[in-house]
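Single-structure report; data block below.
First listed ligand is number 1; within each ligand, the first listed atom is number 1. Both backbone and side-chain heavy atoms feed into the values below; hydrogens, waters and symmetry mates do not. Please read these numbers as outputs of a predicted model, since none were measured by experiment.
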Amino acid sequence: MSVEIFYDDDADLSIIQGRKVAVIGYGSQGHAHALSLRDSGVDVRIGLPEGSKSRAKAEEEGLRVLTPAEASKEADLIMILAPDTKQRFIYTEDVEPNLSDGDAVFFGHGFNIRYGLINPPANVDIAMVAPKGPGHLVRRQFVDGKGVPCLIAVEQDASGNAQALALSYAAAIGGARAGVIKTTFKEETETDLFGEQAVLCGGASALVQTGFEVLTEAGYAPEIAYFEVLHELKLIVDLMYEGGIARMRYSISDTAEYGDLTRGPRVITPEVKENMRKILGEIQDGTFAREWVAEDEAGRPNFQKLQEAGEHHPIEETGRKLRGLMSWVDRPITETA
Ligand SMILES: NC(=O)C1=CN([C@@H]2O[C@H](COP(=O)(O)OP(=O)(O)OC[C@H]3O[C@@H](n4cnc5c(N)ncnc54)[C@H](OP(=O)(O)O)[C@@H]3O)[C@@H](O)[C@H]2O)C=CC1
Ligand SMILES: CC[C@](O)(C(C)=O)C(=O)O
Ligand SMILES: [Mg+2]
Ligand SMILES: [Mg+2]
């Protein structure tokens, strides 16, 4: 195996238990890290601006909430879990002026370091603990005694101990129960962006919406189309998660398997693969990062337009109606943060 994978036995939890941690941001990842660090015996404070709507949620959990500058000053490990497009401003205004020799600045994703938006001084550790899953599941798995795998990376090892520190942090949020893989900021950033754009979020959403459109435009009931292309997708992906594509193919009918083997490549054609390569190229050469930063600076006009179109896609209305009848899938994403 070419990668190094670490588990709980490889991690020394006492390292992170001996640090003062500031978690900047209390959203999807921030709440999961902060609550699980606290439950692992770590001294945690939250950094949020005075007017932040996340403040009440963190305070409800009994966490101590300071401004990002105060939290950075008090802490010797600052984990930045604010939106990627805001991090460079938070870093310059609140974090950097409060850094001392031997402090550590951590990230949950490598975007700002990989694309040179944050350039830290040489006297601090720069590392990453990036869970490979949405924050709400990171927390839910931790509470259930499980964990979401994490990537760790060290960009700058001023202390000579940055990797052990990152591994200790990953263990404290449950990552080492599932496996912690050592990588680089470059590899994490590029593969994470590719995964979410081409397969997990962009690819999967477009596949589901297009399948729904084809069925409903051909006159089939939206409810049947919804179950077929969205609801059942989870059940199929659960089998892949448990035992790979082979396990899924073992469980489906041979009719489905023959259709899978012969029709799948007609949907995901060589042209689609070429499009995926172009998307990867735009990530690697910085085109996507520049576009996203510019879009954010312009007030996100295109993002908002596309978001609205997605929210009004007919599959959402059908889904809301059907999920309303299935109490067990009614898990609002506001469950903990
Ligand atoms: N979402 C995920 O599951 C994953 C995210 N990541 C990475 O984690 C990081 C955080 O993403 P995510 O959890 O999705 O973010 P969210 O958008 O869910 O949450 C962002 C949080 O940052 C707060 N915030 C906004 N502006 C500031 C500021 N100026 N100072 C301090 N806090 C601020 C927000 O507060 P308010 O309520 O006021 O807006 C909110 O609490 C990103 O680097 C992302 O790429 C990595 C893996 C998975
Ligand atoms: C798949 C999306 C993700 O990369 C994640 C949950 O890991 C993100 O940035 O939210
Ligand atoms: Mg990811
Ligand atoms: Mg991501």
Side-chain angles (χ1 to χ4, degrees), residues 22-36 45-61 63 65-72 75 78-96 98 105-115 117-118 126-142 147-153 169-170 173-175 181 183 185 187-204 279 283 288-289 292-293 296 300 303 307 333-337:
V23 174
I24 310 295
Y26 193 78
S28 180
Q29 287 294 322
H31 91 282
H33 290 228
L35 293 175
S36 300
R45 73 272 300 128
I46 309 300
L48 285 167
E50 296 288 0
S52 166
K53 58 186 184 302
S54 298
R55 278 190 157 237
K57 292 175 191 165
E59 279 162 358
E60 270 164 33
E61 292 287 347
L63 292 161
V65 183
L66 307 170
T67 66
E70 288 164 350
S72 303
I78 299 118
M79 168 54 105
I80 305 183
L81 292 172
D84 293 309
T85 48
K86 308 288 177 263
Q87 291 184 7
R88 63 189 190 282
F89 306 113
I90 298 168
Y91 175 79
T92 310
E93 286 159 30
D94 303 320
V95 178
E96 194 172 48
N98 291 302
V105 182
F106 273 35
F107 296 86
H109 176 43
F111 192 91
N112 280 268
I113 295 287
R114 161 65 181 84
Y115 294 112
L117 300 167
I118 291 179
I126 301 297
M128 173 169 45
V129 177
K132 290 287 93 188
H136 297 92
L137 294 185
V138 172
R139 177 61 182 160
R140 203 186 298 166
Q141 293 257 313
F142 178 91
V148 167
C150 288
L151 302 186
I152 55 167
Y169 184 113
I173 62 167
I181 301 181
T183 183
F185 271 64
E187 185 175 56
E188 185 278 338
T189 305
E190 294 173 10
T191 54
D192 187 77
L193 292 174
F194 179 79
E196 66 200 23
Q197 291 175 21
V199 181
L200 303 174
C201 309
I279 285 168
I283 292 166
F288 172 78
W292 175 218
V293 167
D296 182 67
R300 306 187 171 200
F303 184 48
Q307 248 183 347
I333 55 172
T334 50
E335 56 192 330
T336 46

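Distances from the Mg ion (ligand 4) to the N/O/S atoms of Glu196 are shortest for OE1. Closest N/O/S atom of Asp192 to the Mg ion (ligand 4): OD2.
Annotation for ligand 1: atoms under 4.0 Å from non-hydrogen atoms of Gln87 are 42 (C), 43 (O). Below 4.0 Å from some heavy atom of Gly108 lie the following atoms of ligand 1, by number and element: 46 (C). The contact set between ligand 1 and Asp84, taken as ligand atoms under 4.0 Å from a residue heavy atom, comprises 42 (C), 43 (O), 44 (C), 45 (O). Close contacts of ligand 1 with Gly25, meaning ligand atoms under 4.0 Å from a residue heavy atom, involve 21 (C), 22 (O), 23 (C), 32 (N), 41 (O). In the vicinity of Ile90, heavy-atom distances shorter than 4.0 Å reach the ligand 1 atoms 27 (C), 28 (C), 29 (N), 30 (N), 31 (C). For ligand 1 and Gly133, the ligand atoms under 4.0 Å from any heavy atom of the residue are 3 (O), 48 (C). The distance from ligand 1 to the heavy atoms of Tyr26 drops below 4.0 Å at these ligand atoms: 21 (C), 40 (C), 41 (O). Close approach of ligand 1 to Ser52 is summarised as follows: ligand atoms under 4.0 Å from at least one heavy atom of the residue are 35 (O), 36 (P), 37 (O), 38 (O).
A donor-acceptor pair is defined here as one N or O able to donate and one able to accept, closer than 3.5 Å; no such pair exists between the side chain of Arg45 and the backbone of Ala75.
Glu70 places none of its side-chain heavy atoms less than 4.5 Å from the side chain of Asn98. Taking 4.5 Å as the limit, every side-chain heavy atom of Glu187 sits out of range of all side-chain heavy atoms of Leu151. Contact annotation: the side chain of Phe142 never approaches that of Leu35 to less than 4.5 Å [non-hydrogen atoms, C-beta and beyond]. With contacts defined as side-chain heavy-atom distances shorter than 4.5 Å, the pair Tyr115/Thr189 qualifies. By the 4.5 Å heavy-atom criterion applied to side chains, Pro68 and Glu93 are not counted as neighbours.
At a heavy-atom cutoff of 4.0 Å, ligand 1 is contacted by no atom of Ala130, backbone or side chain. At a heavy-atom distance under 4.0 Å, atoms from both the backbone and the side chain of Ser28 approach ligand 1.
Summarising the contacts of atom 10 (C) of ligand 1 with Ile24, Leu81, Thr85, Ile46, the nearest heavy atom is found in Leu81. Which of Ala71, Ala69, Pro83 comes nearest to atom 17 (O) of ligand 1 through a heavy atom is settled by distance: it is Pro83. Remark: among candidates Ser54, Ala58, Cys150, the nearest residue to atom 35 (O) of ligand 1 is Ser54, based on non-hydrogen atoms.
The distance criterion of under 3.5 Å between nitrogen or oxygen atoms is not met by His109 with respect to ligand 1. For Pro68, no nitrogen or oxygen atom sits less than 3.5 Å from a nitrogen or oxygen atom of ligand 1, counting backbone and side chain alike. Looking at Gly27 next to ligand 1, an N or O pair under 3.5 Å apart turns up. Considering backbone and side-chain N/O of Gln29, one or more are found under 3.5 Å from N/O of ligand 1.
Ring geometry, Phe107 versus Phe185: the interplanar angle exceeds 60°, so the pair is classed perpendicular (tilted spans 30 to 60°).
Looking only at heavy atoms of the protein, atom 9 (C) of ligand 1 is closest to Ala82 O, 3.7 Å. Regarding atom 39 (O) of ligand 1, its nearest protein heavy-atom neighbour is Lys53 NZ, 3.3 Å. Of the protein's non-hydrogen atoms, Pro49 CD, 3.5 Å is the one closest to atom 31 (C) of ligand 1.
Across all non-hydrogen atoms, the minimal contact from Ala153 to Thr183 is CB-O, 3.3 Å. Here the shortest heavy-atom pairing between Gly25 and Leu48 reads CA-CD2, 3.8 Å. Among all heavy-atom pairs drawn from Ser36 and Arg139, the shortest one is OG-NH1, 3.0 Å. A pairwise comparison of heavy atoms in Gly47 and Ala71 identifies CA-CB, 3.8 Å as the closest pair. Of all heavy-atom pairs between Cys150 and Pro131, the closest is SG-CA, 3.7 Å.
Residue-ligand proximity: Lys132 is placed with every non-hydrogen atom at 4.0 Å or more from ligand 1.
In this structure, the separation between CD1 on Ile90 and CD1 on Ile78 is 12.5 Å, given to the nearest 0.5 Å.
When Val293, Ile118, Ile80 are each tested for a side-chain contact (heavy atoms from CB on, under 4.5 Å) with Asn112, only one passes: Ile118.
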